[in-house]
Amino acid sequence: MAIEQLPDGRWRVDVEPIKGKRFRKTLKTKAEAQRFEATCRTKVIENRDWTPRPKDKRRLSELVKLWYEMHGIALSDGARRLVILQAAAKFMGDPIANKVDGAAIATVRARWLAQGVTGKTANNRLGYLKSVYNELYELDVIDFPCPFSRIKPIRLQERPLAYLTKPQIAELLEALRTRDTAPHTYMVAVICLSTGARWGEAQALTPERIGSGVITFANTKSKRVRAVPVAPSLVEVIHKHWREHGPFSNCIGVFRKVLLETSIKPPKGQSSHILRHTFAAHFIMGGGHIVTLKEILGHASLSMTMRYAHLAPEHLHDAVRLGPMAGISLPGSDAGNTTHGTD
């Protein structure tokens, strides 16, 4: 008998679609038992070596460990993500991985936010968790897709990007230059202001990547090598600095501390990128092309660079020149004058 009901109300399947291939399983309902029997018969006919997988009862922490061993270890921030994912799994009670649905994630996210976690951090954690499922599914480690793929990130209010004025740049560089305990900090800041590089990219530079008026960044976020032209005098100063002080060390902490000691008050979360934003803002305000800026900054898409487009002089002028009120005089304006420019 292929399907029979047990005394406790469950249903047992005992099916042998072909000689030597026998499958047994106990399920809660008759419909589930019938589906299992039909699946076994169909799959074995298509592939004699097919066999049903046992129910995956691995916990989230186990998948996180597998994700790191098979994928995360190759990422530049893989170790950092591993710590975040392990903490998230523990916070969630380390549930069975395929039982984590959208409702569970929404509940956990609400708890994070109640504890003071920012929306951006909560979105990052959600993205990292989705990545665990998606990568392991692609690698055939799990046979189910991400069970909470439909839950969307929190929509965040876009913040204006802060940048330094020329007087603020002078103030910051002077503060860094006179800090004897961290000679590298000043030089790395100068490189960031001159090239728009991220702090980590500038800090990881080596002598062979600088020469002939060009600085080449190889340890980039997009994994692509990019070269940025610089003044020959800057190349000379950097090499002289290395001869006197040796290779750059990790000095982002000193930079943040010195920045806070100045009159400059950057928005929360933008201190490490304020030099990059400053380069981009002054480049655009000086008339630089947005596509050229994209290549200099190494953005993967133009949409990232477009955050700076509103700073372009022609962008502001076109709002006047091409607006619907262009050329229309308003009552009370001087004779012959208009409130907006004309072509």
Trainee: Would you indicate whether the side-chain heavy atoms of Leu275 and Leu172 approach each other to under 4.5 Å?
Mentor: yes
Trainee: Is there a side-chain contact between Glu244 and Lys240 in this structure, where contact means two heavy atoms from C-beta onward sitting under 4.5 Å apart?
Mentor: yes
Trainee: Sort out for me which residue in Phe279, Phe255, Trp199 forms a side-chain contact (heavy atoms from CB on, under 4.5 Å) with Cys192.
Mentor: Trp199
Trainee: So if you build clusters from Ile, Leu, Val, Met, Phe, Trp, Tyr with side-chain heavy-atom gaps below 4.5 Å, do Leu260 and Val258 land together?
Mentor: no
Trainee: With sequence neighbours excluded, what pairs up with Asp56 under the salt bridge (Lys or Arg N to Asp or Glu O under 4.0 Å) test?
Mentor: Arg58
Trainee: Within a radius of less than 6.0 Å around CZ of Arg155, do more than 12 heavy atoms belonging to other residues, nucleotides or ligands occur?
Mentor: no
Trainee: Taking all non-hydrogen atoms of both residues into account, name the closest pair between Phe91 and Gln115 and its distance.
Mentor: CE1-NE2, 3.5 Å
Trainee: What are the two closest heavy atoms between Arg226 and Leu297, and how far apart are they?
Mentor: CZ-O, 3.6 Å
Trainee: From Arg307 CZ over to Leu293 CG, what is the distance, rounded to the nearest 0.5 angstrom?
Mentor: 10.0 Å
Trainee: Taking only residues two or more places apart in sequence or in another chain, which ones pass salt bridge (Lys or Arg N to Asp or Glu O under 4.0 Å) with Arg41?
Mentor: Glu37
Trainee: Verify the neighbour count for atom CD of Glu174: are there more than 12 heavy atoms of other residues, nucleotides or ligands below 6.0 Å?
Mentor: yes
Trainee: Check whether any side-chain heavy atom of Lys294 lies under 4.5 Å from a side-chain heavy atom of Met306, and answer yes or no.
Mentor: no
Trainee: With Glu135, which residues qualify under salt bridge (Lys or Arg N to Asp or Glu O under 4.0 Å), at least two apart?
Mentor: none
Trainee: Within a radius of less than 6.0 Å around NZ of Lys130, do more than 12 heavy atoms belonging to other residues, nucleotides or ligands occur?
Mentor: yes
Trainee: Enumerate, atom names and distances included, each donor-acceptor pair closer than 3.5 Å involving a side-chain atom of residues 100-111, sequence neighbours excluded.
Mentor:
{"from": "Asp101", "atom 1": "OD1", "to": "Ala103", "atom 2": "N", "distance (Å)": "3.4"}
{"from": "Asp101", "atom 1": "OD1", "to": "Ala104", "atom 2": "N", "distance (Å)": "3.0"}
{"from": "Thr107", "atom 1": "OG1", "to": "Ala103", "atom 2": "O", "distance (Å)": "2.9"}
{"from": "Arg109", "atom 1": "NH1", "to": "Lys152", "atom 2": "O", "distance (Å)": "2.9"}

Trainee: Please list all pairs passing the ring pair (Phe, Tyr, Trp, His ring centres under 6.0 Å) test where one or both residues lie in residues 3-22, with sequence neighbours left out.
Mentor: none
Trainee: For Gln86 and Ser61: C-alpha separation, side-chain torsions, deciding distance, then whether side chain to side chain donor-acceptor pair (under 3.5 Å) applies.
Mentor: CA-CA 6 Å; Gln86 288 174 330; Ser61 60; over 6 Å; no
Trainee: What about Tyr137 and Tyr128, same hydrophobic cluster or not, with Ile/Leu/Val/Met/Phe/Trp/Tyr joined at side-chain heavy-atom distances under 4.5 Å?
Mentor: yes
Trainee: Indicate if Val214 and Ile238 have the same hydrophobic cluster label, given that clusters are the connected sets of ILVMFWY residues with side-chain heavy-atom separations under 4.5 angstrom.
Mentor: no
Trainee: Looking only at heavy atoms, what is the nearest atom pair of Ile210 and His239, with distance?
Mentor: O-NE2, 3.4 Å
Trainee: Calculate, to the nearest 0.5 Å, the distance between atoms OG1 and CZ belonging to Thr185 and Arg177 respectively.
Mentor: 14.0 Å
Trainee: State the CH2-CG distance between Trp67 and Asn134, to the nearest 0.5 angstrom.
Mentor: 12.0 Å
Trainee: Between Thr178 and Ala175 (side chain of the first, backbone of the second, donor and acceptor by atom type, cut-off under 3.5 Å), is there such a pair?
Mentor: yes
Trainee: For Phe217, check ring-ring contact (aromatic ring centres under 6.0 Å, His included) against everything at least two apart and list the hits.
Mentor: none
Trainee: Which pairs of donor and acceptor atoms, one on a side chain in residues 140-148, lie under 3.5 Å apart (sequence neighbours left out)?
Mentor:
none

Trainee: Closest approach of Pro266 and Ile274, non-hydrogen atoms and distance?
Mentor: CB-CD1, 3.7 Å
Trainee: Would you say the side chains of Thr118 and Thr121 form a donor-acceptor pair under 3.5 Å?
Mentor: yes
Trainee: Between Cys251 and Val188, is any pair of side-chain heavy atoms under 4.5 Å apart?
Mentor: yes
Trainee: CE/Met70 to CG/Leu136 distance, rounded to the nearest 0.5 angstrom?
Mentor: 7.0 Å
Trainee: With Phe248, which residues qualify under ring-ring contact (aromatic ring centres under 6.0 Å, His included), at least two apart?
Mentor: His184, His241, Trp242
Trainee: Say whether Ile154 and Ile151 are linked into one hydrophobic cluster, either directly or through other cluster members, by side-chain heavy-atom distances under 4.5 angstrom.
Mentor: no
Trainee: With rounding to the nearest 0.5 Å, note down the distance linking NE2 in His245 to CE in Met187.
Mentor: 10.0 Å
Trainee: Donor-acceptor pairs under 3.5 angstrom involving side-chain atoms of residues 21-35: please list them, not counting sequence neighbours.
Mentor:
{"from": "Lys21", "atom 1": "NZ", "to": "Arg48", "atom 2": "O", "distance (Å)": "3.4"}
{"from": "Lys21", "atom 1": "NZ", "to": "Trp50", "atom 2": "O", "distance (Å)": "3.2"}
{"from": "Arg22", "atom 1": "NE", "to": "Asp14", "atom 2": "OD1", "distance (Å)": "2.8"}
{"from": "Arg22", "atom 1": "NH2", "to": "Asp14", "atom 2": "OD1", "distance (Å)": "3.4"}
{"from": "Arg22", "atom 1": "NH2", "to": "Asp14", "atom 2": "OD2", "distance (Å)": "2.8"}
{"from": "Thr29", "atom 1": "OG1", "to": "Glu32", "atom 2": "N", "distance (Å)": "3.2"}
{"from": "Thr29", "atom 1": "OG1", "to": "Glu32", "atom 2": "OE1", "distance (Å)": "3.3"}
{"from": "Glu32", "atom 1": "OE1", "to": "Lys28", "atom 2": "N", "distance (Å)": "3.3"}
{"from": "Glu32", "atom 1": "OE1", "to": "Thr29", "atom 2": "N", "distance (Å)": "3.3"}

Trainee: Checking Glu261 now: which residues fulfil salt bridge (Lys or Arg N to Asp or Glu O under 4.0 Å) with it, not counting sequence neighbours?
Mentor: Arg179
Trainee: I'd like to check the side chain to side chain donor-acceptor pair (under 3.5 Å) partners of Gln168; sequence neighbours left out, ordered by chain and number.
Mentor: Thr165
Trainee: Tell me if a side-chain donor or acceptor on Ser131 pairs with a main-chain N or O of Gly127 at a distance below 3.5 Å.
Mentor: no
Trainee: Any side-chain to backbone donor/acceptor pair from His299 onto Ser301? Under 3.5 Å, distance only.
Mentor: no
Trainee: If you look at every heavy atom in Leu259 and Ser271, which pair is closest and at what distance?
Mentor: CD2-CB, 3.8 Å
Trainee: Supply the atom-to-atom distance Lys257 NZ to Thr262 OG1, rounded to the nearest 0.5 angstrom.
Mentor: 13.5 Å
Trainee: Would a single hydrophobic cluster contain both Ile18 and Phe36, if residues Ile, Leu, Val, Met, Phe, Trp and Tyr are joined by side-chain heavy-atom contacts under 4.5 Å?
Mentor: yes
Trainee: Main chain of Leu164, side chain of Thr278: is a donor-acceptor contact present, judged purely on distance under 3.5 Å?
Mentor: yes
Trainee: Could you pull out the closest heavy-atom pair between Asp94 and Leu60, with the gap in Å?
Mentor: OD1-N, 3.4 Å
Trainee: Anything under 30° is parallel, anything over 60° is perpendicular, the rest tilted; go ahead and classify His277 against Tyr308.
Mentor: tilted
Trainee: Taking salt bridge (Lys or Arg N to Asp or Glu O under 4.0 Å) as the cut-off, I'd like each qualifying pair that reaches into residues 62-77, sequence neighbours left out, listed once.
Mentor: Lys65-Glu69, Asp77-Arg80, Asp77-Arg81
Trainee: Between the side chain of Arg276 and the main-chain N/O of Leu193, is any donor-acceptor distance below 3.5 Å?
Mentor: no
